[in-house]
Amino acid sequence: MDDATSSGISEPLDLVKLSLGERVFIKLRGDRTITGVLHAYDAHMNVVLSQVEETIHIVDVTEDGNPLPPAVDRRNLEMLFVRGDGVILISPTQQ
């Protein structure tokens, strides 16, 4: 029996279910990532998180078309609802 079967994972959403109440990493469209404590999710990957840190990676160009150095913007939020159509990846964070 492999690790996935022995840990109770038989469907993809089972991994998310095991992460309820735990800190997760979520990659979103638009060069955004968030980490937070997962409180709820559904089959559309709508999620509710608390203690959220959002990171936005900003890549811009000058008027001449030359790339500017990448910038990172961070913000902290107490609670956040994320609509599932923007979710690319959900992963448990490393402890």
Under a 4.5 Å cut-off applied to non-hydrogen side-chain atoms, are Phe25 and Ile34 in contact? no
Quick check: do Leu13 and Glu11 have side-chain heavy atoms less than 4.5 Å from each other? no
Got a list of side-chain donor-acceptor pairs under 3.5 Å for residues 53-65, not counting sequence neighbours?
unit_1	atom_1	unit_2	atom_2	d
Glu54	OE1	Arg75	NE	2.4
Glu54	OE1	Arg75	NH2	2.9
Glu54	OE2	Arg32	NH1	2.6
Thr55	OG1	Arg74	NH1	3.4
Thr62	OG1	Asp64	N	3.4
Thr62	OG1	Asn66	N	3.2
Thr62	OG1	Asn66	O	3.4

Consider side chain to side chain contact (heavy atoms under 4.5 Å, CB included). Of Ile26, Val37, Thr35, which one does Leu49 pass it with? Ile26
What about [X] and [Y], same hydrophobic cluster or not, with Ile/Leu/Val/Met/Phe/Trp/Tyr joined at side-chain heavy-atom distances under 4.5 Å?
X	Y	value
Val24	Val16	yes
Ile90	Leu15	no
Met45	Leu28	yes

Go through the steps for Leu89 and Ser91 under the test side chain to side chain contact (heavy atoms under 4.5 Å, CB included), then give the verdict. CA-CA 7 Å; Leu89 172 142; Ser91 172; 4.1 Å; yes
Quick one: side chains of residues 76-88, donor-acceptor pairs under 3.5 Å with protein atoms, not counting sequence neighbours, listed by atom name and distance.
unit_1	atom_1	unit_2	atom_2	d
Arg83	NE	Asp85	OD1	3.4
Arg83	NE	Asp85	OD2	3.4

Which heavy atom of Glu22 sits nearest a heavy atom of Leu18, and at what distance? CG-O, 4.3 Å
